[in-house]
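One structure is given below, encoded as structure tokens.
No experiment lies behind these values; they were computed from the predicted model shown.
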Amino acid sequence: QVQLQESGPGLVKTSQTVSLTCTVSGGSITTNLYSWSWIRQPPGKGLEWMGAIYTSGSTYYSPSLKSRISISRDTSKNQFTLQLSAVTPEDTGVYYCAREDRSMAQARMDYWGKGTLVIVSS
């Protein structure tokens, strides 16, 4: 059973960097055919895919966030981390980490963390 758990500060100030960590249990973040993503949901809005890190360590980011986002990993701890710099209140929302199953023709998020609320104060 794969489980993901987000952790990090719930309140940050405008212009600071948000750093969130996803701890994975029940599976390795270096397992082939999977990638590991960050998704967020602002209040009253839909889900927004932010970016992902692949088994090789390569990353891919949403173009809208590319200048501010960085995803990294610590394989010894089976964790991957989101850093989002220069945040504004528009970055407020619930942040999720999730596994992408790429073993099928259509990739899907098969395991999700519970999410963590991040509030950016003005």
Can you name the side-chain contact (heavy atoms from CB on, under 4.5 Å) partners of Ser103, sequence neighbours left out? Leu33, Asp101
Which residues pass the side-chain contact (heavy atoms from CB on, under 4.5 Å) test with Thr23, sequence neighbours left out? Thr21, Gln79
Quick check for you: to the nearest 0.5 Å, what is the distance between Gln5 atom CD and Gln3 atom CD? 9.0 Å
Once salt bridge (Lys or Arg N to Asp or Glu O under 4.0 Å) is applied, what residue pairs with a partner in residues 74-90 remain, sequence neighbours excluded? none
With a 3.5 Å cut-off and sequence neighbours excluded, list the donor-acceptor pairs that the side chains of residues 115-122 form with protein atoms.
{"from": "Ser121", "atom 1": "OG", "to": "Val12", "atom 2": "O", "distance (Å)": "3.4"}

Heavy-atom nearest pair, Gly113 first then Glu6, reads CA-OE2, 3.2 Å
So salt bridge (Lys or Arg N to Asp or Glu O under 4.0 Å) across residues 104-113, not counting sequence neighbours, yields Arg99-Asp110
Taking only residues two or more places apart in sequence or in another chain, which ones pass side-chain contact (heavy atoms from CB on, under 4.5 Å) with Ser56? Tyr54, Ser58
Expected output: side-chain Thr55 to main-chain Tyr34 donor-acceptor under 3.5 Å: yes
Residues which pass side chain to side chain donor-acceptor pair (under 3.5 Å) with Thr17, listed by chain and number, not counting sequence neighbours: none
Can you find a heavy atom in the side chain of Trp38 that is under 4.5 Å from one in the side chain of Leu84? no
With disulfide bond (SG atoms under 2.5 Å apart) as the rule and sequence neighbours excluded, what pairs involving residues 27-88 come up? none
Excluding sequence neighbours, so at least two apart, what forms side-chain contact (heavy atoms from CB on, under 4.5 Å) with Ser64? Glu48, Ser62
Side chain to side chain donor-acceptor pair (under 3.5 Å) involving Thr30 - partner list, sequence neighbours excluded: Ser28
Leu47 and Trp49: same hydrophobic cluster, using ILVMFWY side-chain contacts below 4.5 Å? yes
Non-hydrogen atoms of Gly93 and Pro43 that approach each other most closely: CA-CD, 4.1 Å
For Arg102, all residues meeting salt bridge (charged side-chain N to carboxylate O under 4.0 Å, His left out), sequence neighbours excluded: Glu100
Please examine the side chains of Ser19 and Thr81, heavy atoms only from C-beta on, and report whether any two atoms are closer than 4.5 Å. yes
Determine whether Trp36 and Arg73 make a side-chain contact, defined as any pair of heavy atoms from C-beta on separated by less than 4.5 Å. no
Side-chain contact, heavy-atom cut-off 4.5 Å: Leu82 with Val18? no
Is any side-chain heavy atom of Leu65 closer than 4.5 Å to a side-chain heavy atom of Met50? yes
Give me the atom names and distance for the closest heavy-atom approach of Trp112 to Ile39. CZ3-CD1, 4.0 Å
Could you tell me whether the side chain of Tyr96 reaches within less than 4.5 Å of the side chain of Leu4, counting heavy atoms only? no
May I have all residue pairs that pass disulfide bond (SG atoms under 2.5 Å apart) and include part of residues 45-107, sequence neighbours excluded? Cys22-Cys97
